Amino acid sequence: MRLSQYFLPILKDTPKEAEILSHQLMLRAGLIRQSSAGIYSWLPMGHRVLQNITQIVREEQDRAGALEMLMPTLQSADLWRESGRYDDYGKEMLRIKDRHDRDLLYGPTNEELITDIFRASVTSYKDLPRNLYHIQWKFRDEIRPRFGVMRGREFLMKDAYSFDLTEEDARASYNRMFVAYLRTFHRLGLKAIPMAAETGPIGGDLSHEFIILANTGESEVFCHQDLIDLSIPDETIDFQSDLSPVVAKWTGKYAATSDMHDAAKFEAEVPEDKRMSARGIEIGHIFYFGTKYSEPLNCTVQDANGELVPVHSGSYGIGVSRLVAAIIEASHDENGIIWPKNVAPYDVGLVNLKVGNSETDNACQTFYDKARTAGFSVLYDDTDNRAGSKFATMDLIGLPKQVIIGPRGLKDGHVEVKIRATDERKTVSVDNIDQIL
RNA sequence: CGGGGCAUGGCGCAGUCUGGUAGCGCAUCUGGUUUGGGACCAGAGGGUCGCAAGUUCGAAUCUUGCUGCCCCGACCA
């Protein structure tokens, strides 16, 4: 993409409404614009990041055997009355009436709807287990939205729902999502730690929050330091196999949010030099809630004995839009964002130091074409701004690599390559320019 | 919802106390000089000062009401 043809509104000054760094950088780097409290538009650059994250989430859900679908944002109130949550959920749920005066709601979550779909079509234990997910915009009318997309009212969420015959099977489903989450966050360049968590209004008795440590995190967390660098299963892991050893490894050491924190247990189980207490950002949350919805909604199957039994369910959420902010919180410096490779909106930033000079123009064009042909996405700064301004922009938007081409270097037959994360710079022969990718 | 704050061009701000021609920096546009780490000179465009009512000869400025946004708290992916 040529910057001269792009929509990338960069801000030099920090908008005063932005308090935390990720919010400031998202506004400054032209990723988002606010449209009202807790509701944001995603500009082209931000949208690309959101898409990249979405794709990684999707790939790992698919790998774990979950099936993607898409449910509507608007739901009928009737289903929620059936589960009893229409009254329980409170003012956080946005309620709407249609022209016929029927009660609708903008979905804050989808347990009811998916259970309704499932119960209508599945009647046999032979059709279990199943795990269905979608990646969809949710609305929760937060009392106080804040910190940009970190706590917006409208947010993009991946939510998966598992259905099993027995509690034991359901725990296997839970474990599959547990491992999928470890892999997902790892691929996103994050060190997420699963922590024992409260189940909240969704209910149930088995739940973990996936937390990344960050000073600006909203919750206080406590954990064993060794959890930070535990190894992550690679892509060869068999999701049909028993995953409980992996889960056991990750849940074997103390980790809890402040709600679940037990100071005495913490001190008993964790040596003093391994005790970590820190702020954390919740980026995922998984629940097993048994028959909490299948019973009131009468979602049953016939078991091997021909008896009708309610299915055992769990739900599994990842805050996709929040992840954009969380990644920035975890990866930035004083000059701007540093995108992990897998989520970066473009692989390479190409800086033409002297637009209009035929040699630099040609060298840039050649690299631009080669890189794209080789499958890399390139943001080509072909504007006639000054070098300093271009470098500042590139650093702010945080692409992993920058290729800098100017007449001076070309005279000696080289270009400069800069790695954003390390600020490492090297000169590369013009002839080898395609090898740097 | 309780407490605190803010609202003046795209962004950041001054002006409000003490009413009298709406300003500054950045950004944008034009021309020129420049060009290897946020250039310089000259010029230009862009704001019914959040909305409404009131006081006044006259309101960004004073009064009242409203709306929006931000921060702290309770609540939450």
Side-chain angles (χ1 to χ4, degrees), chain A residues 9-20 23-24 27-28 30 33-39 57 89-93 107-110 135-160 181 192 197-202 207-212 217-219 257 259 280-287 315-326 335-336 351-357 360 383-396 402 404-412 414-416 418 423 425 427:
Chain A
I10 297 273
L11 299 175
K12 281 192 179 180
D13 297 311
T14 302
K16 67 179 171 191
E17 76 266 18
E19 185 77 4
I20 63 168
H23 190 195
Q24 296 175 354
L27 290 166
R28 291 223 294 128
R33 286 294 180 266
Q34 183 176 66
S35 67
S36 63
I39 300 177
V57 169
Y89 218 94
K91 297 181 98 170
E92 212 176 274
M93 184 156 73
T109 180
N110 282 62
I135 299 170
Q136 174 68 298
W137 291 93
K138 303 290 185 291
F139 192 91
R140 293 183 190 172
D141 201 356
E142 297 282 342
I143 298 170
R144 185 155 87 84
R146 66 186 121 173
F147 301 150
V149 298
M150 192 73 87
R151 178 159 301 286
R153 293 193 292 172
E154 188 183 53
F155 58 96
L156 187 61
M157 181 162 118
K158 184 286 299 181
D159 40 326
Y181 276 34
E198 278 194 327
T199 53
I202 291 188
S207 173
H208 287 89
E209 288 183 20
F210 286 74
I211 303 263
I212 62 164
E218 288 190 272
S219 39
T257 61
D259 295 337
I281 301 170
E282 180 184 354
I283 52 178
H285 202 158
I286 58 179
F287 302 88
S315 72
Y316 314 90
I318 291 179
V320 176
S321 49
R322 170 183 284 186
L323 271 170
V324 180
N335 295 319
V351 177
N352 184 341
L353 283 178
K354 191 156 187 175
V355 171
N357 175 302
T360 55
T383 64
D384 59 1
N385 293 327
R386 298 179 73 82
S389 167
K390 292 189 177 200
F391 291 132
T393 298
M394 280 295 170
D395 284 349
L396 175 62
Q402 299 168 18
I404 299 152
I405 299 181
R408 216 171 283 173
L410 285 180
K411 197 174 291 180
D412 303 330
H414 70 255
V415 302
E416 189 178 328
K418 176 179 161 182
D423 203 34
R425 298 156 203 222
T427 55

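A, B, ... follow the sequence lines: proteins, then strands. Residue 1 opens every chain. Worth knowing before you read on, the calculation uses all heavy atoms, side chains too, and leaves out hydrogens, waters and symmetry mates. Bear in mind that the values here come from a model prediction, so they are computed numbers and not experimental data.
For the P atoms, the distance from B:rC17 to B:rG25 is 25 Å, rounded to whole Å. Distance noted for atom P between B:rC13 and B:rG38: 24 Å (whole Å). Nucleotides B:rU67 and B:rA52 have their C1' atoms positioned 10 Å apart, rounded to a whole Å. Remark: the separation of the P atoms in B:rU56 and B:rG9 is 30 Å, to the nearest Å. Spacing of C1' atoms, B:rU48 relative to B:rC70, comes out at 26 Å, to the nearest Å. Across B:rC1 and B:rA39, the matching P atoms stand 48 Å from one another, rounded to whole Å. Annotation: B:rG50 and B:rG68 have their P atoms spaced 16 Å apart (nearest Å). Between B:rU61 and B:rC6, the distance separating the two P atoms is 16 Å to the nearest Å.
Between A:M150 and A:A325 the shortest heavy-atom distance is CE-CB, 3.9 Å. Across all their heavy atoms, A:I211 and A:G280 have their closest contact at CG2-CA, 3.5 Å. Considering all non-hydrogen atoms of both residues, A:L11 and A:L27 come closest at CD1-O, 3.9 Å. Taking each heavy atom of A:N385 and A:K390 in turn, the nearest pair found is O-CE, 3.3 Å. When every heavy atom of A:H285 is checked against every heavy atom of A:H208, the shortest pair comes out as CD2-O, 3.2 Å. For A:V149 against A:S321, the heavy-atom pair with the smallest separation is CG2-O, 3.6 Å.
Ion pairing between A:D159 and A:K138 holds under the 4.0 Å rule for side-chain N and carboxylate O. Between A:E154 and A:R140 there is no salt bridge, since no side-chain N of the basic residue sits under 4.0 Å from a carboxylate O of the acidic one. Between A:D423 and A:K418, at least one side-chain nitrogen of the basic residue sits less than 4.0 Å from a carboxylate oxygen of the acidic one, meeting the salt-bridge criterion.
Residue A:G38 is the one, among A:G38 and A:V149, whose nearest nucleotide of RNA chain B lies closer to the 5' end (criterion: closest heavy atom). Projected onto RNA chain B by closest heavy-atom contact, A:G284 and A:L11 fall at different nucleotides, the more 5' of which corresponds to A:L11.
Rounded to whole Å, atom C1' of B:rC72 lies 10 Å from atom CZ of A:F147. Atom pair A:M150:CE and B:rC70:C1' shows a separation of 17 Å (rounding to whole Å applied). Between the P atom of B:rC11 and the CD atom of A:Q34 lies a distance of 11 Å, rounded to the nearest Å. For the pair A:I143 CD1 and B:rG3 P, the interatomic distance rounds to 16 Å; values are reported in whole Å. Look at CD on A:E209: it is 13 Å from P on B:rC75, rounded to the nearest Å. For the pair A:E17 CD and B:rG68 P, the interatomic distance rounds to 16 Å; values are reported in whole Å. Remark: P of B:rC26 and CZ of A:R28 are 17 Å apart, rounded to the nearest angstrom. In this structure, A:L27 atom CG and B:rC26 atom C1' are separated by 17 Å, rounded to whole Å.
With distances taken from any side-chain atom of A:R144 to the nucleotides B:rC11, B:rC69, B:rA74, the minimum falls on B:rA74. For A:E142, the side-chain atoms get nearest to B:rC75 when compared with the rest of B:rC75, B:rC69, B:rC71. When distances are taken from the side chain of A:E92 to each of B:rG37, B:rC69, B:rC75, the shortest belongs to B:rC75. With distances taken from any side-chain atom of A:A392 to the nucleotides B:rG38, B:rC75, B:rC69, the minimum falls on B:rG38.
Partner assigned to B:rA7 is B:rU67, using Watson-Crick or G-U wobble distances below 3.5 angstrom. Look at B:rU21: it lacks any Watson-Crick or wobble partner with both distances under 3.5 angstrom. The partner of B:rC1 is B:rG73, judged by Watson-Crick or G-U wobble contacts that both fall below 3.5 Å. In this structure B:rG58 sits in no base pair that meets the Watson-Crick or G-U test at under 3.5 Å. Across all strands shown, B:rG31 forms a Watson-Crick or G-U wobble pair, both distances under 3.5 Å, with B:rC41. With both pairing distances under 3.5 Å, B:rC49 is matched to nothing as a Watson-Crick or G-U wobble pair.
In this structure A:Y316 satisfies the ring pair (Phe, Tyr, Trp, His ring centres under 6.0 Å) test with no other residue, sequence neighbours excluded.
Applying the 4.0 Å criterion to OP1 and OP2 of B:rG73, one finds that A:R146 has a side-chain N or O inside that range.
A:D395 contributes a side-chain N or O that forms a donor-acceptor pair with the base of B:rG37 under 3.5 Å. Contact of A:R33 with B:rG10 (side chain to base): no donor-acceptor pair of N or O atoms is detected under 3.5 Å.
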Below 3.5 Å is the cut-off: list the nitrogen or oxygen pairs between protein and nucleotides 29-36 of chain B, distance only.
from: B:rU34; atom 1: O2; to: A:R386; atom 2: NH1; distance (Å): 2.8
from: B:rG36; atom 1: O2'; to: A:R408; atom 2: NH1; distance (Å): 3.0
from: B:rG36; atom 1: O6; to: A:G406; atom 2: O; distance (Å): 2.8
from: B:rG36; atom 1: O6; to: A:P407; atom 2: N; distance (Å): 3.2
from: B:rG36; atom 1: O6; to: A:R408; atom 2: N; distance (Å): 2.5
from: B:rG36; atom 1: O6; to: A:G409; atom 2: N; distance (Å): 2.4
from: B:rG36; atom 1: N2; to: A:E416; atom 2: OE1; distance (Å): 3.4

Pairs: protein N or O with nucleotides 6-8 of chain B N or O, under 3.5 Å:
from: B:rC6; atom 1: O2'; to: A:K16; atom 2: NZ; distance (Å): 3.1

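Donor-acceptor pairing under 3.5 Å is recorded for the side chains of A:Q402 and A:D395.
Across all strands shown, A:G148 has no heavy atoms under 4.0 Å from either base or sugar-phosphate atoms. Residue-level contact check: A:S321 touches neither bases nor backbone, having no heavy atom under 4.0 Å from any strand.
In this structure, A:E92 CD and A:F139 CZ are separated by 10.0 Å, a value rounded to the nearest 0.5 Å.
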